[in-house]
2 protein chains.
Amino acid sequence: MNGKCEVTLVHPEVVQRVESLLESREKIYDLANCFKAFADETRLRIMNALLYDTLCVCDLAKLLDMTQSAISHQLQYLRQVNFVVSQKVGKVVYYRLADDHIEQIIKVGLEHIEEGGKYER
Amino acid sequence: MNGKCEVTLVHPEVVQRVESLLESREKIYDLANCFKAFADETRLRIMNALLYDTLCVCDLAKLLDMTQSAISHQLQYLRQVNFVVSQKVGKVVYYRLADDHIEQIIKVGLEHIEEGGKYER
DNA sequence: CTTTTATATGAATGAATGTTCATATATTCA
DNA sequence: TGAATATATGAACATTCATTCATATAAAAG
């Protein structure tokens, strides 16, 4: 038993019922994109910082001890998934979190790992 | 202004205050690992299915129309981050979600994209 | 005990992705 | 206008990662 769809042992009733409940592929795709924003240390650190204040690119670079370029690239990424919004004041661009789903998701994630949900092996 | 730490415009008070509030690097690392589990379509589809029932590897392969091998690899991944637990019954291995943080996180993610938080540009 | 079946797993491969480097843009200040 | 500064961005490079393929393990059935 190996190749795609050459599956022999299935529980047809269960499979059929679950199938009708699944989210659409498109929504799953969008969801994966959404979670990719959280799946990187640098982006998480940026969001973590923005939980507490609005910050400019330089502030973030200083805070994370990383180059302006690296921070800026990640901020563009976070802007594309609508996790941050920016406001330009003169030369300086200030970033803040776009909504509080970010805080919620980070909080639940922390709960999970604090209850032993860490990577193992 | 370019290289690491050659930052000139910073808001020192703000940076210092935020710095004291940040999660530890270790926790951020664990958190990123945790979210990586959600950052892939296949794993999301698996978790989506397991929201509704306990399923064996064959069920999942059928449901997602993917090879047994691909599903199995991802299930091992999900087991390492403690997102699923398995139970062997004869030759068959049944998988279910380990806790309800997974459901919570998926729910908040869906809320985000349904409120316009999709990828843009 | 041999065959079949369900699952696991190591290695290889191709695709996706984060950082760096160089440079572009835009705004302030002299 | 010209120099300095804050940020953005494209290309290159290195790394990470998901799937495939081949094969191993383990349980059931004949």
Side-chain angles (χ1 to χ4, degrees), chain A residues 1-11 15 28-29 32-33 35-46 54-81 84-95 119 121, chain B residues 1-11 15 28-29 32-33 35-46 54-81 84-95 119 121:
Chain A
M1 202 281 299
N2 234 332
K4 197 199 257 187
C5 275
E6 292 171 13
V7 171
T8 60
L9 184 125
V10 280
H11 303 79
V15 168
I28 293 284
Y29 177 83
N33 262 330
F35 286 125
K36 275 175 191 160
F38 293 99
D40 173 77
E41 266 194 86
T42 301
R43 290 192 292 270
L44 267 183
R45 293 173 78 202
I46 290 173
T54 293
L55 296 166
C56 71
V57 181
C58 273
D59 290 342
L60 285 164
K62 180 71 177 173
L63 210 49
L64 307 199
D65 189 28
M66 291 180 67
T67 65
Q68 175 271 326
S69 182
I71 299 291
S72 191
H73 274 295
Q74 296 301 350
L75 284 169
Q76 301 323 301
Y77 186 109
L78 291 171
R79 225 159 52 110
Q80 287 185 330
V81 288
V84 302
V85 292
S86 62
Q87 188 188 1
K88 190 164 193 173
V89 179
K91 281 183 292 189
V92 183
V93 181
Y94 292 94
Y95 284 87
Y119 198 82
R121 190 166 311 178
Chain B
M1 206 282 299
N2 235 336
K4 195 199 259 190
C5 277
E6 293 172 14
V7 170
T8 58
L9 184 125
V10 281
H11 304 77
V15 167
I28 293 285
Y29 177 83
N33 262 332
F35 287 126
K36 274 174 192 161
F38 293 99
D40 173 77
E41 266 195 87
T42 300
R43 288 193 293 268
L44 266 183
R45 292 174 78 203
I46 290 174
T54 292
L55 297 165
C56 72
V57 181
C58 272
D59 291 341
L60 284 164
K62 180 73 176 174
L63 209 50
L64 307 199
D65 189 30
M66 290 180 68
T67 65
Q68 174 270 325
S69 182
I71 299 292
S72 191
H73 275 295
Q74 296 301 348
L75 284 170
Q76 301 323 302
Y77 186 108
L78 290 172
R79 225 158 51 109
Q80 287 187 330
V81 288
V84 303
V85 292
S86 61
Q87 187 187 4
K88 191 164 191 173
V89 179
K91 281 183 293 192
V92 184
V93 181
Y94 292 94
Y95 284 87
Y119 199 82
R121 188 166 310 174

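Basis for what follows: all heavy atoms, side chains included, without hydrogens, waters or symmetry-related copies. First the proteins, then the strands, lettered A, B, ... as listed; each starts at 1.
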Separation of [X] atom [atom1] from [N] atom [atom2], in whole Å?
X	N	atom1	atom2	value
A/Lys62	D/dT5	NZ	C1'	17 Å
A/Gln74	D/dT9	CD	P	14 Å
A/Tyr77	D/dT7	OH	P	22 Å
B/Ile71	C/dA6	CD1	P	15 Å
B/Met66	D/dT20	CE	P	6 Å
A/Glu41	C/dT19	CD	P	9 Å
B/Leu78	D/dA18	CG	C1'	13 Å
B/Leu44	D/dA18	CG	P	12 Å

| field | From C/dT20, C/dA6, C/dA8, nucleotide with atom closest to B/Gln76 side chain | value | C/dA8

| task | Give a yes/no verdict on base stacking between C/dT19 and A/His73: centres under 5.5 Å, planes within less than 30° of parallel. | result | no

| query | Do B/Gln68 side-chain and C/dA6 base share a donor-acceptor contact under 3.5 Å? | reply | no

Quick check on [N]: is either OP1 or OP2 less than 4.0 Å from any side-chain nitrogen or oxygen of [X]?
X	N	value
A/Tyr95	D/dA8	yes
A/Ser69	C/dC21	no
B/Arg79	C/dA8	no
B/Ser72	C/dT9	no

| field | Gap between atom NZ of B/Lys91 and atom SG of B/Cys56 - 0.5 Å precision | value | 12.0 Å

| CG on A/Asp59 to OH on A/Tyr94, rounded to 0.5 Å | 7.0 Å

| message | Show the nearest heavy-atom pair for residues B/Arg45 and B/Leu63, with the distance to one decimal. | response | NH2-O, 4.2 Å

| query | Where do A/Ala37 and A/Val81 come nearest, in terms of heavy atoms and distance? | reply | CB-CG2, 4.0 Å

| task | Indicate yes or no: at least one non-hydrogen side-chain atom of B/Lys36 is less than 4.5 angstrom from one of B/Asn33. | result | yes

| query | Should B/Leu44 and B/Phe38 be marked as a side-chain contact (heavy atoms from CB on, under 4.5 Å) after you check the CA-CA gap, both sets of side-chain angles, and the distance that decides it? | reply | CA-CA 6 Å; B/Leu44 266 183; B/Phe38 293 99; 3.9 Å; yes

Can you pull every protein N or O that's under 3.5 Å from an N or O on nucleotides 25-30 of chain D?
none

| request: Please say whether more than 12 non-hydrogen atoms of neighbouring residues, nucleotides or ligands are located less than 6.0 Å from CD in B/Glu41. | output: yes

| message | Both A/Thr42 and B/Val93 contact DNA chain C. Taking the nearest nucleotide for each, which residue is further toward the 5' end? | response | B/Val93

